[in-house]
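To keep things clear, I will list the structure first and then write my remarks on it.
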2 protein chains.
Amino acid sequence: MSKTLSKIGEFGLIDRLKKQIGRSSSVVKGIGDDTAVVPLSSQKYLLLTADMLVEGVHFTTKMPARAIGHKALACSISDIAAMGGIAKYALVSLGVPPSCPVHMILSIYQGMNALAKKFNVSIVGGDTVKNGKIIINVTLIGEVNKNELICRKGASRGDSIFVTGPLGRSLSSGWHARFTPRMAQSQFLVRHYKPSAMIDISDGLAADLGHILDESRVGAILDGPLIPRRPKARLNNALYDGEDFELLFTVSPLQARKLKRSAAHKFTFFCIGEIVDRKKGLQLRVSDGTLTTIHKKGYTHF
Amino acid sequence: MSKTLSKIGEFGLIDRLKKQIGRSSSVVKGIGDDTAVVPLSSQKYLLLTADMLVEGVHFTTKMPARAIGHKALACSISDIAAMGGIAKYALVSLGVPPSCPVHMILSIYQGMNALAKKFNVSIVGGDTVKNGKIIINVTLIGEVNKNELICRKGASRGDSIFVTGPLGRSLSSGWHARFTPRMAQSQFLVRHYKPSAMIDISDGLAADLGHILDESRVGAILDGPLIPRRPKARLNNALYDGEDFELLFTVSPLQARKLKRSAAHKFTFFCIGEIVDRKKGLQLRVSDGTLTTIHKKGYTHF
């Protein structure tokens, strides 16, 4: 009779919540996006994002405690970077077993704090409660100039698709626990190339590109051989593994030409495909040039 | 060798974190307060607060799901009210077992959403992950006019101590799951009586008054017979139970006289004691007039 969460999945739940809660007119982007956008001043928006990490799901206690803290904050900074914004304040809620050694908690915070300092984020508060396993919720508050806000919606037919680094095998390589959020690349891009749409890859390339395609009402062709991969990663790893935390963005043909030409700048951007008509869906071009439709499904939390 | 969290307790941990993380100069109030205060505009501060509620600790699944949602948001609105501010945006992170019925999650959100609407709060996002038990983290973003910000620090010798309603037995009476955050009282007070210090009672009257005394570097005498209590609550319940979510505040002698005289206004405020010199600590006056020193300890999470 009664549906369980595992049956409708994370996105099924989000859809239902979106309908139930609605959106007040003052909210620019609400439930459904990784980051909410609300008014701040005449020139700026406030960006709000939350990430909850659970022991055994997003990290294990075999990982160095500093890496757990690093990851918890880095995920949220990545969300803010994906909107073209900068991060400012963090609230950290920690659920933790009473038997947990204090030095472990302090090390988690050390990992968070070291990253916070690097990105000018102030950890200003939070909550601490007891829970059977370690659970960390980071809420990050950032801001963005109104004319620099980039969303999932905005990609147009003919735009080129880029990614900021190699994909796949993030979990098995340990990348997920040591990555640097692509804030510098994001700031560079919004100032010089104004992407038409952007997202960070957390659920996997296919799934996160899927979010851009759905919201922009377009399709895409990915060029398999052009997708950069981590060592030992196969194409399927790059498409579906998730937790790469690279930026995935689209730019107009004109900006794409400029971006490809300017080998002089300090970042590497990989052109991996093209936005096409919506009815083409998501297709993959393999090395012999043939096209196959691929599914957008990636990591889901249930 | 290695200390556990249960040994140093929540406040021991917060002290260590405060030292480790420090506070950037732009942050007005950071770690250690229930609510962080950061700059927003020339006239306003941004208020940031997070509350994490765990199944079996802060609620049980025997409670109506709507009440769980109500409580999760109400706690945070109460934190914002205690600073003299108003609540604006909420992010809700939910950890939940995959076997959880969808209607239960939707009911939790219904409880939250009904309260959000009443207080003009927009639920703008969050995260959903799997966890063995239900865990809810609400981050609430509010704002306050700079000249209306009220902190724990600020009580002076001679100030009167007030509370907005009866205390004790919040858990056993079910009050903790249906209370209305005292936002209206807070707004009334900051506009007309400018309290010198304020906090909401979550850890218990003695503990939360203790926070005001510590930060204001003063002592207090509580008038036992004047402390309003819930039905069947004893004095000890009123002092130590916690989760009353009434506002506890201090006002100057002049404002106290005005507040006691104006029986005409729509709220009830109970005068329960007086701020005294710091070296007197926290004392309780019982019905025969004798004074005893009482401890400030209240509910701690470990």
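Naming: A, B, ... by sequence-line order, numbering from 1 per chain.
Distance check: A/Ser216 OG to A/Lys153 NZ gives 8.5 Å after rounding to the nearest 0.5 Å.
Among residues 45-54 of chain B, the residues having any heavy atom closer than 4.5 Å to a heavy atom of chain A are, in sequence order, B/Leu46, B/Leu48, B/Thr49, B/Ala50, B/Asp51, B/Met52, B/Val54. The contact list for residues 135-152 of chain B toward chain A, using heavy atoms and a distance under 4.5 Å, reads B/Ile135, B/Asn137, B/Thr139, B/Ile141 by residue number.
Scanning all heavy atoms of the two residues, the minimum distance from A/Ala87 to A/Val121 falls at CB-CG2, 3.6 Å. Shown here for B/Ser78 and B/Asp200, the closest heavy-atom pair between the two residues is OG-OD2, 2.7 Å.
Note on A/Asp208 versus A/Lys296: no salt bridge recorded, every NZ/NE/NH1/NH2 to OD/OE distance being 4.0 Å or above. Looking at B/Lys71 and B/Glu243, a side-chain N of the basic residue comes within less than 4.0 Å of a carboxylate O on the acidic one, giving a salt bridge.
Using a 4.5 Å cut-off between heavy atoms, A/Lys133 contacts chain B through its side chain alone, with no backbone atom that close. Both the backbone and the side chain of A/Tyr109 come within contact range of chain B, with heavy atoms under 4.5 Å apart. The parts of A/Gln110 that come within reach of chain B are both its backbone and its side chain, each placing non-hydrogen atoms under 4.5 angstrom from that chain. Neither the backbone nor the side chain of A/Ser41 comes within less than 4.5 Å of any heavy atom of chain B.
Side chain of A/Thr60 to backbone of A/Lys62: a donor-acceptor contact under 3.5 angstrom is found. Remark: side-chain polar atoms of A/Ser186 are paired, donor with acceptor, to backbone N or O of A/Ala81 under 3.5 angstrom.
Classified by interplanar angle (parallel below 30°, tilted 30° to 60°, perpendicular above 60°), the ring pair B/Phe179/B/Phe245 is parallel.
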